[in-house]
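Below is one structure, written out as structure tokens; the observations come after it.
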Amino acid sequence: MHELSIAMSIVELAAEEAERRGVQIDAVHLKLGALSGVVKEALLSCYEMACENTLLQGSRLVVDEVPVVIFCPSCRAPRPLSSVQLFCCPECGTPCSEIVQGKELEVVALEIQECVPNPV
Amino acid sequence: MRPEPRLIEVRKNVLKQNDVVARALRDRFRAAGVFVVSLVSSPGSGKTAFLEKTLTLLRPNYRVAALVGDLATENDALRLARSQAPVKQITTGTLCHLEAAMVQNALEGWALNQLDFLFIENVGNLVCPSSYDLGEDLRLVLISVTEGEDKPLKYPTIFNSADVAIVTKVDLAAVVEFSWETAYNNIQAVRPGMPVFQLSAKTGEGLKEYLEFLATRLTELRQSAAV
């Protein structure tokens with residue numbers, strides 16, 4: 001269970017950005033690969049805990065799950081993997097070990113509130 | 001004025017801090033010419049017995065040392081010390097994995113250029129260690145025959161973070177009706193092309209091939225560094 005330390009890293013990273021930009025963060029958008037080794041549900045419950053008494057208190061974590069894409073040497077093309085239990089090209093069945101995506105653990109965006117003039 | 005939500009793009013790797021330290025470690029290992037091997041497995045798969053045997057057998061010909069991660073005890077370090085190789089314990093407390101910074105701290109004061117092989121034994125866990133790069137050259141994932149053949153299918157992520165699989169306790173294979181073929185196929189299903197060794201730290205079966213593999217990798221590393 002390392003999701004709490006991951007959540008704390010996310011909060012730390014986002015709080016730094018918030019401070020640097022002088023903004024209040026409503027939500028943190030995260031890309032989470034199926035092979036990142038991090039469980040979404042566990043991360044979400046840890047996130048709230050990690051936010052307590054920080055600039056991020058009350059913010060949401062929005063997780064965008066990234067499926068695994070492998071590169072098939074026979075098709076010479078990236079292909080989505082149908083199961084992480086079987087690293088084979090879904091088209092031609094060739095075993096594939098080159099991972100194109102699916103290891104992501106990345107904060108991609110911060111959602112902030114911005115004050116805009118009221119429409120006239 | 002009314003508030004309106006807006007997205008600011010940031011793109012930051014959450015584990016950047018660990019990756020930065022891991023990269024610095026890798027540079028340091030390269031400069032020292034030491035080949036670094038880490039071990040991951042579930043608790044009880046025989047990591048410590050395997051490492052004790054590895055250190056003992058390599059020691060006559062190579063300069064070896066080990067770092068060992070453990071939640072609470074120093075039992076593993078004491079066992080490994082029997083090999084006469086320098087061994088240092090990293091007690092992780094409640095933390096379920098090693099991070100690059102812990103390795104960095106543990107290595108403080110070590111003359112890495114006096115070593116040929118450095119082994120890092122991770123905490124027994126097939127989940128959490130997969131996310132953390134420790135700067136190693138080679139990551140071994142161990143499964144024992146008593147755990148069953150389907151471990152790779154249950155933990156594809158750790159197999160994908162590792163380079164070589166080691167099937168341990170093969171002296172017990174017949175007793176537990178372990179199928180080498182099924183285990184091998186499962187490993188290849190989650191990590192096509194992964195080299196697999198089967199051995200027994202108790203009887204010594206299969207250790208020769210694995211030790212030769214390590215020696216070859218060390219030679220290759222030094223040759224590529226010399227170019």
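From a predicted model like this one, the values you see are computed outputs, not experimental measurements. So that the names make sense, note that chain A is the first sequence line, chain B the second, and so on, each numbered from 1.
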Given that the side chain runs from C-beta out, which part of [X] has a heavy atom under 4.5 Å from chain A: side chain, backbone, both or neither?
{"X": "Tyr132(B)", "result": "side chain"}
{"X": "Gln188(B)", "result": "neither"}
{"X": "Ser130(B)", "result": "side chain"}

So for [X], is it side chain, backbone, both, or neither that comes closer than 4.5 Å to the heavy atoms of chain B?
{"X": "Glu111(A)", "result": "both"}
{"X": "Ile25(A)", "result": "neither"}
{"X": "Glu12(A)", "result": "side chain"}
{"X": "Leu105(A)", "result": "both"}
{"X": "Ala14(A)", "result": "neither"}
{"X": "Ile99(A)", "result": "side chain"}

Looking at side-chain heavy atoms only, is the closest gap between [X] and [Y] below 4.5 Å?
{"X": "His97(B)", "Y": "Ser5(A)", "result": "yes"}
{"X": "Pro129(B)", "Y": "His2(A)", "result": "no"}
{"X": "Val108(A)", "Y": "Glu9(B)", "result": "no"}
{"X": "Lys12(B)", "Y": "Glu17(A)", "result": "yes"}
{"X": "Pro5(B)", "Y": "Asp26(A)", "result": "no"}
{"X": "Ile6(A)", "Y": "Leu15(B)", "result": "yes"}
{"X": "Val84(A)", "Y": "Val190(B)", "result": "no"}
{"X": "Ile8(B)", "Y": "His29(A)", "result": "no"}

Q: Please determine if Glu106(A) and Arg11(B) form a salt bridge, counting it only when a charged side-chain N lies under 4.0 Å from a carboxylate O.
A: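 Looking at Arg11(B) together with Glu106(A), the answer is yes, because their closest N to O distance falls below 4.0 Å.
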Q. Any idea which heavy atoms bring Phe87(A) and Pro192(B) closest together, and the distance?
A.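 Result for this residue pair: O-CG, 3.4 Å.
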**Q.** Val107(A) to Val14(B) - nearest heavy-atom pair and separation
**A.**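 Heavy-atom minimum between the residues: CG2-CG2, 3.9 Å.
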**Q.** Value rounded to 0.5 Å, distance of OG in Ser131(B) from CD in Glu3(A)
**A.**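 Result: 8.0 Å between the selected atoms.
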